[in-house]
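Here the structure comes first, spelled out in structure tokens, and everything after it is commentary.
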Amino acid sequence: MASSELNLYQKQESVATMSTRKHNNCALLGDNDEYQNQIDRGGVGINSVPKDMEMGKEGTSRKRFRKRTEIKEDADSDSQDERLVRSQICKDRSDGSDMEEEERIRDRRERELEKNYKERDAARTRELAAVHKSTRKEGNGAVQGSNAVKMDHIMMLREVSRQKYLKKREQDKVEELGDDIQDEQYLFEGLKLTEAEHCDLRYKKELYGLVKKSSEEADSVKEYRMPESYDQEGSINQDKRFSAASKCHRDPNAENTGKPFAEQEAWEQNQRGKAILKFGSRDRKQRGDEYEFVFDNQIEFIKAAVMDSMNDEQESVIEPTEKSGGRSAFDVLQEERKALPIYQYREELLQAVNDHQVLVIVGETGSGKTTQIPQYLHEAGFTKVGKIGCTQPRRVAAMSVAARVSQEMGVKVGHEVGYAIRFEDCTSKKTVLKYMTDGMLLRELLGEPALASYSVLMVDEAHERTLSTDILFGLVKDIARFRPDLKLLISSATLDAEKFSDYFDFAPIFKIPGRRYPVDIHFTKAPEADYLDAAVVTALQIHLTQPPGDGDILIFLTGQEEIETVEEILKHRLQGFGAKIAELIICPIYANLRTELQAKIFKPTPQGARKCVLATNIAETSLTIDGIKYVIDPGFCKMKSYNPRTGMESLLVAPISKASADQRAGRSGRTGPGKCFRLYTAHIYYNDLEDNTVPEIKRSNLSNVVLTLKSLGIHNLLNFDFMDPPSTEALLKALELLYALGALNKHGELTKVGRRMAEFPLDPMLSKMIVASEKYKCSEEIISIAAMLSVGNSIFYRPNNKKVLADNARMYFHVGNSGDHIALLNVYNSWKETDYSTQWCHENFIQVRSMRRARDIRDQLKRLLERVEIALTSNLNDLEAIKKAITSGFFPNSAVMQKNGLYRTVKLPQTVYIHPSSGLLQAPPSWVIYHELVLTSKEYMRQVTELKPEWLVEIAPHYFQLKDVAYPDSKKAAV
DNA sequence: CACCTGTCC
């Protein structure tokens, strides 16, 4: 049993390494960062940098530089999403094997160098020791000699350091050359180069090739080892030579050593026999939709529907780029553009945009709407009067689309085509097509309330109904009324197009077919009680009955815990089949998974194996995995909801909507016809599931939304034209909170504090905390804490096998039971002291990715402090001041321990618990302040810090009265 | 005691 398990693991391991090698870009995230790097630099090393790109953005350019230098240090320097898209862009671009090769060569060299130096050092020490001994023997007369030795030693050191320098320089130069080539290939692809530029590029490539080759040869010579069976005289020891091979064929009965193999063989045979007898043979002829009995508890599915492919017309098949003979990359791109489904509608679309101010566009995935429509409008001259803006719900999308469009237009990213996302404004004065995240446009609106510089605004992926798009709708609808020249395009997937049309005063709907493969939908015949088990069974059914290599499986689960459980069960069941069934590679993926492990899902599936991806909602929209043919959908997800009465957010498992179910099903039909197995009945789908997921705005804390709208000058929020108005209660609750924080006066008008708060891209309580830090002279510390808090709960990680170690490491930052906020500050400052070391993060079970994000946020906050004229002051030794500043923002989140040992929130009598991840769990203080309240399995306070009750009355006298902060004994009746 | 859907500024 154990040995077969081992076999399986080893096999997986080797397959994984093999595929790493083959699949350069995705596996080696470093490369992707390298690629980003090139965008980041915006061609800094290239002559034709636009001046306006460098000027006026000193912050970003500095950051870019910093980014570049540290990228070498570690692969996971960026947030996961961006790396993923970069890897995907890269995949299209070049095979990148150069870079990987280079990487390896460099690595090997470094190791060798180090070895050499060590050896040399050791030798020198020995020599010196010998010399010293002899000089001491020679007595006083040897002073000169000893000096000579010293000189000698110095010369040697010099020599070594010179050698070291030369080696390093050589590496750097080679690396630079590689970068250059990549840069040029990427940035100038499709552009016409002058003859001189061509020559230069050719020369560089040739040179790079030669250097690489020679160093490879050198390496290969050095690394070659004679197998021990060939001795030095050249005679061959045949016994040794074939020992490994003959071992396997020894008669199991004759010798004991052979026995384990035979035993395993027999056991596997037996297992397979069982499988064949009981479960049906995987060798039987395969037929499309028929499922054979695989298990006793096999699940019966009914094929109920087919999601049609959207191919209305004959499509011209696009030739792969590399076979395009004499045509330039640019021509190929243009042909690809023409092959997109949307191309046939170009004129009609332009006409429609001319005729109507607002247009709802329905385009399935793959129609090319996001990339093409802005280009068409540009070509039609809309950019002569103003920019074309296009919003995306995700950063990745904005970046990758901008990259694609800039290629198609033959310009560099950041010039005519650019993107703007938080921390990265890759636009210039030249930019006419601007892709951005919706949140970014919202921020922009604060400074440019009429969108004066835009002639067209396209809100893409509107059906996702993010918080930001919903607010944008209301604002943009209003702007369109007094700006008749502004064109508005709302693009969405099919389902709720009419709703959008109705909202925008019956704007016409323009339909564009997409390009997608058909997906067969299967429902279960009867409801499944245990969907985890059902998912596992279904996955195995597919794996055993469908030919391996025809497509991978994707299972949607609700969270990390479920994913881990299913992984366990699957592994266990797979063991039961021995090593002889096709390999099933299990790939978990969720946002908080460590970056190294996330990369696994992008490695191509090895021949004869199958991948089984266990994913959260992340795979529904945020990332696409190639090669998925089967989707298993249990029909649940975790959803955040907000109870305005208690002010509590909860994260609970809920059934998904029809739209979500269809989206999930669609994930299987991206590269070929797919199948979707829903672990619920068709009746449930048609009768019980909601059509659409409740939009975020109806289940969120609105305090930030309200603050934003207030600072945009919208006073009557209850009458604001929301597409789906949030409950009045939620709005009032938000207003109340803002009033308590001092952001609004009693007339509901923005105060000075409120205006300052609105500058920060944070929740109002965090913003207030920062504004208050001015008074307590600890803005340095507070912005660190704010940054750490706003990266969320992904800072510490706990590997399953090292939970205790990880917890200990975390407790290390809790000095003196001072609370989680201070612990976060300690983490940040310690990291800063190690010069932002990656190694340090690994040692302390901290996610580098999150820390880097925190640093980015902190940098941004620091800049904004300047803007609201708050001095940067440090007051690290006065923890009380820091805690008071925190309290200024979070006083509504205070709780007190009762006699029974449970906490009760101060304002509302509600029982709450300290989150198990808190450092205060061991010695809970009687008064605490918490960052957020979440309902998962219990009402948990996350990020808790001790506080003194008298601060509450001191800081928020309008909110607390003395009786509130009296110890709860007197208030027992209320509980 | 028993922990963490996904995004965005």
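Keep in mind that the numbers below use all heavy atoms, side chains included, and drop hydrogens, waters and symmetry copies. Remember, it's a predicted structure, so these values are computed and weren't measured experimentally. Residue numbers begin at 1 in each chain, while the letters A, B, ... track the order of the sequences.
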Could you tell me whether the phosphate oxygens of [N], OP1 or OP2, come under 4.0 Å of any side-chain nitrogen or oxygen in [X]?
X: A:Thr708; N: B:dC9; answer: no
X: A:Arg395; N: B:dC9; answer: yes
X: A:Thr466; N: B:dC8; answer: no

Can you list everything that forms a ring pair (Phe, Tyr, Trp, His ring centres under 6.0 Å) with [X]? Sequence neighbours excluded, please.
X: A:Tyr930; result: none
X: A:Phe796; result: none
X: A:Tyr685; result: A:Phe523

Rounded to the nearest angstrom, tell me the gap between atom [atom1] in [X] and atom [atom2] in [N].
X: A:Gln598; N: B:dG6; atom1: CD; atom2: P; result: 9 Å
X: A:Arg863; N: B:dC9; atom1: CZ; atom2: C1'; result: 13 Å
X: A:Asn701; N: B:dC9; atom1: CG; atom2: P; result: 19 Å
X: A:Arg858; N: B:dC9; atom1: CZ; atom2: C1'; result: 19 Å
X: A:Leu651; N: B:dA2; atom1: CG; atom2: P; result: 18 Å
X: A:Leu467; N: B:dC8; atom1: CG; atom2: P; result: 13 Å
X: A:Gln392; N: B:dG6; atom1: CD; atom2: P; result: 21 Å
X: A:Asp763; N: B:dT7; atom1: CG; atom2: P; result: 17 Å

Practice task
Check the side chains of A:Ser660 and A:Thr693 for a donor-acceptor pair under 3.5 angstrom, ignoring hydrogens and angles.
Solution key: no

Problem - Out of B:dC3, B:dC9, B:dC1, whichever nucleotide has its closest atom nearest the side chain of A:Arg798 - result: B:dC3

Completion exercise
Which of B:dC1, B:dC3, B:dC9 is nearest the side chain of A:Lys938? It is B:dC1

By the 4.0 Å heavy-atom rule, please label [X] as base, sugar-phosphate, or nothing.
X: A:Thr437; answer: sugar-phosphate
X: A:Thr621; answer: nothing
X: A:Arg394; answer: sugar-phosphate
X: A:Met639; answer: nothing

Handout entry: Polar pair under 3.5 Å, donor/acceptor by atom type, side chain A:Arg942, base B:dC4
Key = no

Handout entry: N/O donor-acceptor pair, side chain A:Glu696 with base B:dG6, under 3.5 angstrom
Key = yes

Completion exercise
Judged by nearest nucleotide, the residue sitting upstream toward the 5' end of DNA chain B, A:Gly439 or A:Ser622, is A:Ser622

Exercise for the section: Report the residue (A:Gln860 or A:Asn793) whose heavy-atom-nearest nucleotide on DNA chain B is the more 5′ of the two. Expected result: A:Asn793

Handout entry: Residue pairs, two or more places apart or on separate chains, that pass side-chain hydrogen bond (donor to acceptor under 3.5 Å, both in side chains) and touch residues 784-794 of chain A
Key = A:Ser784-A:Arg858, A:Ser794-A:Ser850

Exercise for the section: If a pair satisfies salt bridge (charged side-chain N to carboxylate O under 4.0 Å, His left out) and one of its residues is in residues 784-807 of chain A, list it, with sequence neighbours excluded. Expected result: A:Arg798-A:Asp807, A:Asp807-A:Arg810

Handout entry: Close residues, residues 912-920 of chain A, relative to DNA chain B [heavy-atom separation under 4.0 Å]
Key = A:His915, A:Pro916, A:Ser917

Exercise for the section: Examine distances only and state if a side-chain atom of A:Thr431 and a backbone atom of A:Lys434 form a donor-acceptor pair shorter than 3.5 Å. Expected result: no

Completion exercise
Rounding to 0.5 Å, atoms CG (A:Leu467) and CG (A:Asn701) come to a distance of 10.0 Å

